[in-house]
Amino acid sequence: MNLSFLEKEEQYIFDYVAKQASGSVYYKSGNNVLLATVAVDCDSIVEENFLPLTVQYIEKAYAVGKFPGGYVKREAKPGDFETLTARIVDRSLRPLFPKDYCYPTQITIIVLSADSDADLQILALNAASAALYVSEIPLNFPINGVRIGRIGNAFVVNPSLKDMEQSTLDLLVSGVNEDLLMIEMRTFGGVDIVSPSNPLCLVTTLMEDKKAEFSANELTESELMQALELAKTNINKKSKLIEESFKICVKTPLELFQMRKSYKCQRVQDFIVQGYLGELHEIIAHLSKTERHSRLKAFAKKIAQDYVLKNPEDTEFIEMRVDATLDAQKRQIIRTMILEEGVRADGRTLKEVRPISIETNILPKAHASALFTRGQTQALVVCTLGGDMDAQNYELLTDKGTSKERFMVHYNFPPFSVGEASSIGATGRRELGHGNLAKRALECSVINGEQKTIRLVSEILESNGSSSMATVCGGSLALAAADIECTSLIAGVAMGLVCEDGKYAVLTDIMGLEDHDGDMDFKVAGSKKGITALQMDIKLGGLSMEILECALGQAKEARLHILEIMESAKAKIILNTAVLPSSQIFAIHPSKIVEVIGQAGRTIKEIIEKFEVAIDLNRDNGEVKVSGGNREKVDAAKEYIIGITSAVSDKPNIAELYKVGDVYEGRVKKVVDFGAFVELPHNYDGLLHISKITSNRNAQVGDYLNEGDLLRVEVLSLNKNKVELGLQEKLSK
């Protein structure tokens with residue numbers, strides 16, 4: 001059946017392809033085509049206590065008329081974007097399944113055709129939800145997703161990818177009716193916005209000293225609530241539309257006769273309550289201090305032995321009955337303490353953060369390092385600085401070419417961090433997702449990140465609650481220890497929730513026990529100004545705005561507390577100057593490159609030998625990169641090169657010709673990678689840097705300006721023989 005949503009030009013075609021699947025949809029939105037299928041293994045059940053749901057998202061290179069990259073010309077291992085998209089779909093759909101659902105279920109989404117401007121994550125979520133909605137699984141909830149951007153001061157619903165280049169916010173929300181199920185949010189760093197109506201870019205805000213102010217563009221809690229209200233309204237509207245339109249397509253539910261066997265036993269529970277509650281409370285307090293459950297297992301074995309001695313006629317499945325009953329009793333004790341007494345298993349109050357300790361630059365040969373310990377969670381985050389060749393090349397399906405990832409966060413979770421005796425394997429979905437969350441939280445704070453290549457590696461040495469947020473805190477301090485210029489420190493905290501019988505309690509800085517037996521995992525990262533990244537997963541059927549607002553307020557209190565401790569640690573950082581590399585990237589007029597090189601390369605060789613640096617010159621755009629192991633020598637080499645180019649100038653002093661704040665009209669004389677040279681009066685060319693044109697780090701100057709364009713520009717600064725310009729307005733071609 002073909003159903004059209006004219007408002008967004010979506011088509012859901014059922015019973016067209018993949019008819020043997022339990023549910024399938026051939027989904028079209030513009031030129032984008034995705035196939036989503038749901039398959040259920042009805043012949044077997046999973047006895048373990050988890051939901052056996054697997055989601056796979058696959059991109060086909062032919063969808064955009066390309067060959068797969070690499071030596072083997074066929075799709076193989078999923079890329080990071082595919083894995084992260086599959087996680088988004090999984091986290092959105094998982095809360096909808098009944099708690100006792102035990103049939104292995106596979107959801108597969110395949111991209112068959114894609115536009116260059118496609119938001120494939122939203123499309124994949126919509127397609128997977130539709131296939132699940134009409135499948136034979138007795139689960140009919142009209143889930144859908146929405147992306148919210150912020151351009152200027154206005155929130156925009158489902159912006160195009162081109163619009164997202166101008167956005168300072170990326171907020172992805174999924175839900176059903178009025179309930180929110182999953183939230184992913186990040187901000188983009190850049191210059192402040194003063195004129196959102198400008199057709200070219202996000203225009204720089206000029207401060208009193210005429211320099212651009214870089215901002216992480218944090219979102220306040222109230223602003224985030226406004227954006228979530230907008231998302232909820234759109235989700236609710238589409239949920240009703242889906243429910244009304246799809247109801248005639250829903251298949252007859254499967255008769256799932258087999259159920260996961262429950263070993264919870266009332267007789268065993270009575271036995272535990274009568275003689276073992278005191279010891280169970282002691283073990284729960286012990287469990288709050290470690291992820292290792294060996295003591296609980298030994299306790300269960302002891303109860304089983306005692307029970308058999310007193311009840312020799314009732315021994316069938318006794319170990320499994322004790323395990324299941326003891327686990328349920330433990331969960332109930334933890335939740336009752338929180339809801340009724342306001343006390344947690346480790347004795348903390350609901351809003352209390354565990355003790356924090358911080359050490360920096362503890363690794364002598366690493367560029368920078370930070371050891372962040374919060375309670376029983378410990379992250380060693382190491383920062384490495386590199387050059388252009390060290391950046392990670394990647395290619396998205398809809399990209400025309402290869403892009404470079406200059407800021408990387410790699411998260412490792414070895415088994416010993418939770419006391420497990422197993423080997424370290426390849427990076428899994430969880431590790432990739434946690435590293436991506438930390439990257440999204442920190443990247444916006446790095447000033448001029450497009451000029452640096454930075455790798456943060458987080459080694460989780462101990463884990464008992466939110467190692468991803470420990471990675472954020474340690475990562476921010478590692479950047480500071482590497483002397484990377486950032487807008488501010490960024491801290492993260494994980495929030496939890498216990499909700500039962502109309503009562504709820506929000507928990508600050510949750511530990512592993514509360515994550516396992518709680519109802520929500522809500523991670524919030526940001527600075528003192530606001531939130532830079534957020535991730536929420538709910539185990540309930542949805543989350544109310546009241547609880548969400550309470551969690552955000554409580555998270556802010558914790559974040560400010562953690563930031564205060566981090567600020568104290570930052571003040572004590574001693575830079576590891578013996579190994580810390582340095583680089584300077586600046587521009588001179590392309591005609592002056594020959595003066596830096598000198599006759600037969602004599603001048604540049606002398607500079608390299610004198611200052612012990614490496615120098616890269618770009619004859620086309622005049623870009624100069626100086627790098628070396630000694631920061632003072634790198635800075636001195638830069639000043640020496642600038643001095644050479646100033647000394648050989650036969651033009652008058654530019655300070656006599658131009659004044660900061662002067663406004664001129666001039667034509668673009670040359671477009672280069674890092675900006676454009678604009679022809680000014682008095683036969684001078686001023687530099688309009690790309691950061692003054694757009695805040696999008698992946699954008700090309702040619703997307704906004706061409707040679708011959710007439711611009712109105714303002715003189716921002718005069719530095720020796722250079723005129724730095726700011727864009728006011730594009731007048732004509």
Side-chain angles (χ1 to χ4, degrees), residues 3-12 25 27 29 32 34 36 55 85 87-97 107 109 118-134 139-150 154-160 163-164 167 169-186 219 221-247 250 497 519-522 534-549 551-552:
L3 301 176
S4 296
F5 294 88
L6 299 178
E7 181 183 354
K8 297 203 174 211
E9 299 181 350
E10 292 180 90
Q11 290 184 320
Y12 297 81
V25 60
Y27 171 60
S29 177
N32 303 296
L34 287 80
V55 177
T85 301
R87 276 175 56 87
I88 285 174
V89 176
D90 185 301
R91 289 163 44 211
S92 298
L93 300 180
R94 188 171 289 268
L96 300 178
F97 283 78
I107 298 177
I109 310 115
D119 188 339
L120 292 173
Q121 291 183 329
I122 291 293
L123 297 178
L125 177 58
N126 289 343
S129 174
L132 184 63
Y133 188 82
V134 301
L139 185 71
N140 297 324
F141 297 98
I143 184 177
N144 64 95
V146 63
R147 192 182 298 275
I148 304 292
R150 190 181 194 186
F155 292 117
V156 182
V157 178
N158 288 329
S160 65
D163 289 337
M164 282 298 294
S167 179
L169 170 68
D170 182 7
L171 172 64
L172 195 155
V173 185
S174 67
V176 54
N177 298 322
E178 294 190 350
D179 291 321
L180 304 183
L181 297 171
M182 190 278 305
I183 303 173
E184 282 267 356
M185 171 256 173
R186 70 175 298 184
L219 214 61
E221 283 72 14
S222 60
E223 289 171 334
L224 178 58
M225 288 300 296
Q226 293 175 28
L228 291 173
E229 283 286 358
L230 179 60
K232 187 181 80 168
T233 300
N234 282 268
I235 288 171
N236 188 30
K237 179 180 178 182
K238 190 169 181 180
S239 291
K240 293 177 180 177
L241 187 59
I242 293 173
E243 190 171 15
E244 179 64 27
S245 303
F246 285 7
K247 61 183 179 182
V250 176
L497 173 70
D519 300 319
M520 178 181 73
D521 186 9
F522 186 47
L534 180 150
Q535 185 180 95
M536 186 205 78
D537 295 306
I538 190 75
K539 300 177 185 178
L540 305 171
L543 185 66
S544 71
M545 299 299 283
E546 176 192 351
I547 296 177
L548 185 56
E549 187 172 15
L552 286 173

[Y] side chain reached by [X] side chain, heavy atoms, under 4.5 Å:
X	Y	value
Phe522	Leu534	yes
Leu139	Leu132	yes
Tyr133	Ile143	no
Lys238	Glu10	yes
Asp119	Met164	no

Closest non-hydrogen atom pair, [X] against [Y]:
X	Y	answer
Met520	Ala551	CE-CB, 4.4 Å
Leu169	Arg150	CB-CB, 3.7 Å
Leu34	Ala127	CB-CB, 4.4 Å
Asn234	Leu230	ND2-O, 2.8 Å

(Q) Working note: Asp163 + Ser160, criterion side-chain hydrogen bond (donor to acceptor under 3.5 Å, both in side chains); need CA distance, chi angles, decisive distance, verdict. (A) CA-CA 5 Å; Asp163 289 337; Ser160 65; 3.2 Å; yes
Q: Identify which one of Arg186, Met185, Met182, Glu184 satisfies the side-chain contact (heavy atoms from CB on, under 4.5 Å) criterion when paired with Gln535.
A: Glu184
(Q) One pair to check against side-chain hydrogen bond (donor to acceptor under 3.5 Å, both in side chains): Ser129 and Asn144. What are the steps and the verdict? (A) CA-CA 7 Å; Ser129 174; Asn144 64 95; over 6 Å; no
(Q) Applying ring pair (Phe, Tyr, Trp, His ring centres under 6.0 Å), can you list everything that pairs with Phe97, at least two apart in sequence or on another chain? (A) Tyr101
Q: For Tyr27, enumerate each residue passing the ring pair (Phe, Tyr, Trp, His ring centres under 6.0 Å) test, keeping only those at least two apart in sequence or located in another chain.
A: Tyr12
Report the residues that fulfil side-chain contact (heavy atoms from CB on, under 4.5 Å) with [X], sequence neighbours left out, ordered by chain and then residue number.
X	value
Glu229	Lys232, Met545
Val55	Leu53, Ala86, Val89, Asp90, Ile107, Ile109
Thr233	none

Q) Name the one of Arg94, Arg87, Arg91 that satisfies side-chain hydrogen bond (donor to acceptor under 3.5 Å, both in side chains) with Asp537? A) Arg91
Q.
With rounding to the nearest 0.5 angstrom, report the CG to CG distance, Leu120 to Leu125.
A. 12.5 Å
Show every donor-acceptor pair shorter than 3.5 Å between a side-chain atom in residues 172-181 and any protein atom, with sequence neighbours excluded, or say none if there are none.
unit_1: Ser174; atom_1: OG; unit_2: Ser92; atom_2: OG; d: 2.8

